[in-house]
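Structure, as structure tokens:
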Amino acid sequence: MNCRDVREVADSFLCDELLTETNHEILQHLDSCGSCRTEIDGRRTLRRALHGAFDRAPDLQPRPEFIDRLGGQLREAAAHNHRSWPFSPRWFAIAAGLVLAAGLAATILMNRPTPSDTLLAQDAAGDHQNCALTFRLVRKPIPLEDAAQRFDSALRVLLTAPPDDISTPGGPARVVERHSCAYGARQFGHVVLQYQGHVVSLLVTANDRSTRAAESVDAVPHLIGRPMNGLSVVSVNGSRHAILLVSDLESAELTKLSGAVSVPLAQRLAARFTVDRNTMASLYVLPALQGPPWLDAGRR
Amino acid sequence: MAQEFVSPVLEVGWRLPSMMKQANSRNDSDAWAGFELEVLPHAPRLFRIAMWLERNRDDAEDVVQDTMMQALRSFHRFQPGTNCRAWLITILQRIVSNRRRAKGRSILVSDPDDRIAHTVPFVPPVPQSLTDETVLATLERLPTVFQEVIILCDVEDLSYKEAAEALAIPIGTVMSRLHRGRAQLRTQLPTTEPVVGRPSAGASENTLNKGIGEAS
């Protein structure tokens, strides 16, 4: 190992990230090379200086009362989570057994994700993680209008729907961003929402299951599989598009939000398709749709 | 006297709820004890990361509180024996990231790695005398992405893998950012005059309220 090799792996050496054999080679080199020894010592000095500066800087230390208060809040929250058992043991046992059996059967029979569902959920979770949370997409997001012209005119709907401020049964949701982005082989219309302090991605993409859901406006939210890396995916298969919500929210909460946001959007997209295909027919279809006030306002 | 026969199965079935209740209670108290033991001691170190990233004591306290609450809810997912601090820092980074987005302090696509990939031509030797103020003020001048990896790897002693998970970036990116960040840090360290900028004891925290937005 020569000086150049040592300098190249010096950072990893200091972080103890090298193989034992490589460490030995470096140490052997350092025994006979004063220049590299000085270099490594310098880097080590800087590392220690950083360590010490963070340990000692007064304005980086928490107030003792904050730590005490935090401990109390956490203890209270932990106690609050403790569940009470108000029912008699026998009835509880019977009910629990029945609910468990029914739940298992329902889960197996009704909620089994297909392979295409799973792939779609993986893409959606990946897009949420890389675009909404960490901003590390390989390809740059583009405006919705551009995406509507290039890929799918239906994405234009997302320019106004859902509106910036949405009232839902679980509380207000706020749109913080709208764009189109690509993840894997999919092009998504992407609306980023803030809801209950969480970031939620609303993603619209072409539906893989168009034969099953074509023209349908009575789609219902369904959870796809288990949470992936803590992210749940709830899908609504409306018209020719899948509308997905992705977040680290509890699955039940995300499903509730989907009912308030995705289902009306699916209806809007279905109505748009009907309008595109036959303008006269749409005059009869649109009034029959049920949706929240913001959708009706948008339609007018 | 004939003894009443009770099927062992029925006996267990009858006692199951109370056993579950006891077990649940024990599990809850065990879980809290585990949380108190494993997680709570990290609060001060989480705070200093939050304080560095948020530049404001109230915001930093909010971030640490949110992080701890999230950790409490997710404690069943924590694997004993793994690095608890790394797990907490991952949660904290996600919360900080969400807050930045909510405040409009982040941009969608920007990679300072590309912008400054070739701007570290010469790395001078480390000065002999370094004060805390000098080191912190120089670190504060680096782009945020470099600050993050330096803090996680050099200050918090996270491994490359743990830092990559916390920041949701590839390990290779951690390594290259760490290399460039350290090199830039050395380049910008003053050779003679101490740098004044980062407040020491008693100084106003307002002087910290700059940099994150521009540096992102």
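Every chain is numbered from 1, with letters handed out A, B, ... down the list of sequences.
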Next on the checklist: Donor-acceptor pair, distance only, cut-off 3.5 Å: does the side chain of B:Ser74 make one with the backbone of B:Ala71?
Outcome noted: no
Item to check | Contact winner vs chain A - B:Val39, B:Ile49, B:Val135, heavy-atom pairs under 4.5 Å | outcome: B:Val135
Next on the checklist: So for A:Leu70, is it side chain, backbone, both, or neither that comes closer than 4.5 Å to the heavy atoms of chain B?
Outcome noted: side chain
Item to check | Which of A:Ile67, A:Val199, A:Leu50, A:Leu14 touches chain B most, by non-hydrogen pairs under 4.5 Å | outcome: A:Leu50
Next on the checklist: Less than 6.0 angstrom from the centroid, inside 45 degrees of the normal: does B:Arg55 satisfy that with respect to the ring of B:Trp52?
Outcome noted: yes
Next on the checklist: Just so I know, are the side chains of A:His190 and A:Pro141 near enough to count as touching, which here means a heavy-atom distance under 4.5 Å?
Outcome noted: no
Item to check | Contact class of B:Ile151 relative to chain A, heavy atoms under 4.5 angstrom | outcome: side chain
Item to check | A:Arg48, part contacting chain B, at a heavy-atom distance under 4.5 Å | outcome: neither
Checklist entry - When you check the side-chain N and O atoms of A:His29 and A:Asn2, is any donor under 3.5 Å from an acceptor? => result no
Item to check | Under 4.5 Å from a heavy atom of chain A, the part of B:Leu46 involved | outcome: neither
Next on the checklist: Determine whether a donor-acceptor pair (N or O, by modelled atom type, separation under 3.5 Å) exists between the side chain of A:Gln61 and the backbone of A:Asp55.
Outcome noted: yes
Checklist entry - Is there a donor-acceptor contact under 3.5 Å linking the side chains of A:Ser12 and B:Tyr160? => result yes
Checklist outcome for this item: In terms of heavy-atom pairs under 4.5 Å with chain B, the winner among A:Arg56, A:His198, A:Arg75, A:Arg43 is A:Arg75
Checklist entry - Of all of B:Asp157, B:Leu178, B:Ile95, which one pairs up most often with chain A through heavy atoms under 4.5 Å apart? => result B:Asp157
Checklist entry - Between B:Glu36 and chain A, which part of the residue has a heavy atom less than 4.5 Å away: side chain, backbone, both or neither? => result side chain
Next on the checklist: With side chain to side chain contact (heavy atoms under 4.5 Å, CB included) as the criterion, how do B:Glu165 and B:Trp87 come out once you've worked through the C-alpha distance, each side chain's angles and the decisive distance to 0.1 Å?
Outcome noted: CA-CA 9 Å; B:Glu165 284 173 3; B:Trp87 178 65; over 6 Å; no
Next on the checklist: Counting only non-hydrogen atoms closer than 4.5 Å, does A:Asp41 touch chain B with its backbone (N, CA, C, O), its side chain (CB onward), both, or neither?
Outcome noted: neither
Checklist entry - Given that the side chain runs from C-beta out, which part of A:Leu74 has a heavy atom under 4.5 Å from chain B: side chain, backbone, both or neither? => result both
Item to check | Between B:Thr131 and B:Thr134: side-chain donor-acceptor atoms closer than 3.5 Å | outcome: yes
Item to check | Residue part contacting chain A, namely of B:Ile150, when any heavy atom lies under 4.5 Å | outcome: side chain
Checklist entry - Stepwise, does the salt bridge (Lys or Arg N to Asp or Glu O under 4.0 Å) test hold for A:Glu76 with A:Arg69? => result CA-CA 11 Å; A:Glu76 197 175 310; A:Arg69 193 177 73 231; over 6 Å; no
Next on the checklist: At a 4.5 Å cut-off on heavy atoms, which part of A:Arg174 comes close to chain B: side chain, backbone, both, or neither?
Outcome noted: side chain
